[in-house]
There are 2 protein chains.
Amino acid sequence: MSKMHKEHTLTKNQQIIFDLIDKSPEPMKAYSILFSVQKKGINAPLQVYRALDKLVEIGKIHKIESRNAFIACHNSSCQVAKATAFSICEICEKVTEISSTGLSKYLTNFKDKDGMKYSKYNLEFFGSCKKCTPK
Amino acid sequence: MSKMHKEHTLTKNQQIIFDLIDKSPEPMKAYSILFSVQKKGINAPLQVYRALDKLVEIGKIHKIESRNAFIACHNSSCQVAKATAFSICEICEKVTEISSTGLSKYLTNFKDKDGMKYSKYNLEFFGSCKKCTPK
DNA sequence: ATATTAATGTTATATTATTACACAATGTTA
DNA sequence: TAACATTGTGTAATAATATAACATTAATAT
């Protein structure tokens, strides 16, 4: 039992769409996914959005909110999408999921002064990646 | 010189739209802003989006990415929109800007293991606010 | 004054996402 | 296994969010 979260058997549409996102080196947008899977019989936006919703829900993919795009989860410690952090290069748009135990501990334990109970967070860092930063 | 950021003189459209957002108890969406300001001579989406872009740029308002909505900045320490954190109640959709020196210090100084240089971050916490949390 | 930059007004269009409805597959559970 | 509930599918239509392109005007800088 090394997996952090329950295995879900993906349905056909979910599997097709997950595989596509998982293989993509960059975040994918819903309509670009749609165009890519039309040869596989997925014809309508809703079919894509439904699969995306489910995949996000079970933590197989994450939505990059500032980009309206989706990437596969490569971080077993981001317990079912409850605690996500990304770095985003504003030059080349490369997005990387951050897996820092320190960061996730800090944020998971963070309490605001209003005593609000948090069940989830999403953090997006912006900057320029190593490649795009002039020496 | 108590202000954290340079004063910008807002243009007419910018001022109208800022005032509206500033008075709103909840985040406002672009098209709801558009409907509200049509009596004041702002007729087209682009006029709203242009003002919003500028207001975000100078730090007078922030965009809540997960909601596609905008709130006025009430946090002098969020240096021109470079470092923003919000708490979002998933029940009543109340959004509050978090001003925690500890949090902003921690995140501003955070370095990932790829050595990426960050110039900005946005953090959104989700949960249920005091009002919406059953005792 | 004139060059430059920033903002405006307008039309059209692109992109992102959801509603509504009918039906099929799968999973309980009695 | 029959009945029921739940989840997923397919399709059409439409809503909601955001930008492109172009002409013009206002503000700022030299």
Side-chain angles (χ1 to χ4, degrees), chain A residues 6-21 24 26-71 80 88 90 93 95 122 124, chain B residues 5-21 24 26-71 80 90 93 95 122 124:
Chain A
K6 171 168 179 258
E7 279 316 300
H8 286 260
T9 314
L10 300 184
T11 64
K12 181 169 150 284
N13 287 1
Q14 289 161 10
Q15 189 70 57
I16 290 169
I17 287 171
F18 174 72
D19 287 344
L20 183 67
I21 296 171
S24 170
E26 65 234 5
M28 293 198 75
K29 308 196 133 217
Y31 276 71
S32 127
I33 292 168
L34 176 59
F35 298 141
S36 295
V37 298
Q38 273 174 336
K39 44 189 162 247
K40 305 214 172 181
I42 295 175
N43 303 301
L46 193 47
Q47 295 175 292
V48 172
Y49 281 105
R50 283 197 285 225
L52 289 173
D53 285 351
K54 189 66 187 186
L55 291 167
V56 166
E57 185 194 324
I58 66 182
K60 301 280 288 179
I61 65 173
H62 303 304
K63 182 172 189 181
I64 311 301
E65 292 288 354
S66 66
R67 299 299 186 260
N68 298 318
F70 300 84
I71 64 173
V80 188
I88 302 171
E90 290 180 301
E93 289 294 324
V95 174
N122 179 59
E124 297 180 7
Chain B
H5 43 259
K6 171 170 179 252
E7 278 318 300
H8 286 260
T9 314
L10 300 184
T11 64
K12 182 169 148 284
N13 288 1
Q14 290 162 8
Q15 189 69 59
I16 289 169
I17 287 171
F18 174 73
D19 287 345
L20 183 66
I21 296 171
S24 169
E26 66 235 3
M28 291 198 76
K29 309 196 133 218
Y31 276 73
S32 126
I33 292 168
L34 176 59
F35 298 141
S36 296
V37 296
Q38 273 174 337
K39 45 188 156 250
K40 304 213 176 179
I42 296 174
N43 303 300
L46 195 45
Q47 296 176 291
V48 173
Y49 280 105
R50 283 198 284 227
L52 289 173
D53 286 351
K54 189 67 186 183
L55 291 167
V56 166
E57 186 195 323
I58 65 181
K60 299 280 289 181
I61 64 172
H62 302 304
K63 182 172 187 180
I64 310 301
E65 292 288 353
S66 66
R67 299 298 186 260
N68 298 318
F70 300 84
I71 64 172
V80 188
E90 289 180 301
E93 288 294 324
V95 174
N122 179 58
E124 297 180 7

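The model shown is predicted, which means the values in this text are computed figures rather than measured ones. Note on naming: letters A, B, ... go to the chains in the order of the sequence lines (proteins, then strands), and numbering restarts at 1 for each one.
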Whole angstrom value for the distance that separates [atom2] of [N] from [atom1] of [X]:
| X | N | atom1 | atom2 | answer |
| --- | --- | --- | --- | --- |
| B/Lys40 | C/dT8 | NZ | P | 15 Å |
| B/Ile33 | D/dA16 | CD1 | C1' | 14 Å |
| A/Asp53 | C/dT16 | CG | C1' | 13 Å |
| B/Arg67 | D/dT17 | CZ | P | 13 Å |
| B/Lys54 | C/dA6 | NZ | P | 7 Å |
| B/Asn13 | C/dA6 | CG | C1' | 13 Å |
| B/Gln15 | C/dA7 | CD | C1' | 15 Å |
| A/Leu10 | C/dT26 | CG | C1' | 15 Å |

| task | Let me know, please, whether B/Ala51 or A/Tyr31 comes out on the 5' side of the other along DNA chain C by nearest nucleotide. | result |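 Its nucleotide being nearer the 5' end, the pick is B/Ala51.
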| field | Residue whose nearest DNA chain C nucleotide is more 5′ - B/Pro45 or B/Gly41 | value |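 Looking at DNA chain C, the more 5' nearest nucleotide goes with B/Gly41.
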| field | Note, B/Val56 side chain near B/His62 side chain (heavy atom, < 4.5 Å) | value | no
| request: With DNA chain D as reference, determine whether A/Ala44 or B/Arg50 sits nearer its 5' end, using the nearest nucleotide of each. | output: A/Ala44
Which heavy-atom pair separates [X] from [Y] by the least distance, and what is that distance?
| X | Y | value |
| --- | --- | --- |
| A/Leu52 | A/Ile61 | CD2-CD1, 3.6 Å |
| A/Ile88 | A/Glu93 | CG2-OE1, 4.3 Å |
| A/Ser36 | A/Met28 | OG-CE, 4.3 Å |
| B/Lys40 | B/Ile16 | CD-CG2, 4.0 Å |

State whether [X] places a side-chain N or O below 4.0 Å from either non-bridging phosphate oxygen (OP1 or OP2) of [N].
| X | N | answer |
| --- | --- | --- |
| B/Thr11 | D/dA26 | no |
| B/Gln14 | C/dA7 | yes |
| A/Asn43 | D/dT11 | yes |

Go through [options] for me and flag the one nearest to the [X] side chain.
| X | options | result |
| --- | --- | --- |
| B/Lys63 | D/dA18, C/dA7, D/dT9 | D/dA18 |
| B/Gln47 | D/dT19, C/dT8, D/dA18 | C/dT8 |
| A/Lys29 | C/dT11, C/dT18, C/dT16 | C/dT16 |
| B/Tyr49 | C/dT10, D/dT17, D/dG10 | D/dT17 |
| B/Asn68 | D/dA18, C/dA17, D/dT9 | D/dA18 |

| C/dT18 pairs with which nucleotide, Watson-Crick or G-U wobble, both distances below 3.5 Å? | D/dA13
